[in-house]
Chemist: 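Below are the structure tokens for one structure; questions will follow.
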Amino acid sequence: MTISSASSIDTGERKIMTNDGISVSPEELRAAAGAADAVSQDLQMPIATAKRDIEAAGAAMKSWHIGPDMQRVAHDWGTALDKLSKRIGGGDPDSAASRLRRTADGHEFNEDITAQSFQVR
């Protein structure tokens with residue numbers, strides 16, 4: 001998204017309509033969605049490593065007084081980290097990446113419908 005004082009911006013491919021200086025670029029929204037997917041993918045290995053390490057620590061301390069707490073922490077953190085990754089990107093329809101793509105699609109659809117209303121028939 002870019003800030004501009006113009007009422008429309010010509011990107012070469014299509015004009016981006018602005019409202020009070022704020023423009024919405026479906027291409028930029030899709031690029032942001034791709035970045036969110038990449039972040040989510042990049043988190044997979046560190047999350048798996050963290051879960052494995054904390055679970056191993058919990059198992060190693062099982063007989064200690066702190067052992068059950070360590071195992072519970074491992075489970076809770078593992079679940080939280082998995083949810084975080086899914087909320088950022090991937091195929092989950094509620095992820096930030098999916099929402100950015102739907103916003104881009106909706107914006108383009110609305111622009112096309114609005115443009116059609118002004119065409120001479």
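Each residue takes its place number in the sequence, starting with 1.
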Chemist: Whether the side chain of S40 engages the backbone of A36 through a donor-acceptor N/O pair (distance < 3.5 Å, no angle test) should be reported.
Modeler: no

Chemist: Output the distance between atom NZ (K51) and atom NE2 (H75), rounded to the nearest 0.5 Å.
Modeler: 9.0 Å

Chemist: Between CE of M61 and CG of D69, what distance do you get to the nearest 0.5 Å?
Modeler: 11.5 Å

Chemist: Which heavy-atom pair separates M70 from G58 by the least distance, and what is that distance?
Modeler: CG-CA, 3.4 Å

Chemist: Walk me through whether I47 and S85 qualify under side chain to side chain contact (heavy atoms under 4.5 Å, CB included).
Modeler: CA-CA 9 Å; I47 287 173; S85 178; 3.8 Å; yes

Chemist: Would you call T114 and E111 a side-chain contact if the rule is heavy atoms closer than 4.5 Å?
Modeler: no

Chemist: Would a 4.5 Å heavy-atom cut-off, applied to side chains only, mark Q71 and E55 as touching?
Modeler: no

Chemist: Strictly distance-based, threshold 3.5 Å: is any side-chain N or O of S117 a donor or acceptor partner for the main-chain N or O of I113?
Modeler: yes

Chemist: Indicate yes or no: at least one non-hydrogen side-chain atom of S95 is less than 4.5 angstrom from one of I88.
Modeler: no

Chemist: Once you round to the nearest 0.5 Å, how far does NZ of K83 lie from CG of L81?
Modeler: 11.5 Å

Chemist: What distance do T103 atom OG1 and R99 atom CZ have between them, rounded to the nearest 0.5 Å?
Modeler: 9.0 Å

Chemist: Which heavy atom in P26 sits nearest to a heavy atom in A104, and how many Å separate them?
Modeler: O-CB, 3.7 Å

Chemist: Applying a strict under-4.5 Å side-chain criterion to I, L, V, M, F, W and Y, I'd like to know whether V73 and L84 cluster together.
Modeler: yes

Chemist: Starting from the C-alpha separation in whole Å, work towards a yes-or-no answer on salt bridge (Lys or Arg N to Asp or Glu O under 4.0 Å) for D37 and R30.
Modeler: CA-CA 10 Å; D37 283 335; R30 287 192 183 90; over 6 Å; no

Chemist: Same hydrophobic cluster for I54 and I66, using side-chain heavy-atom links shorter than 4.5 Å among ILVMFWY?
Modeler: yes

Chemist: Should the pair R102-D105 be classified as a salt bridge under the 4.0 Å nitrogen-to-oxygen rule?
Modeler: no

Chemist: Is any side-chain N of the basic residue among R87 and D94 closer than 4.0 Å to the acidic one's carboxylate O?
Modeler: no

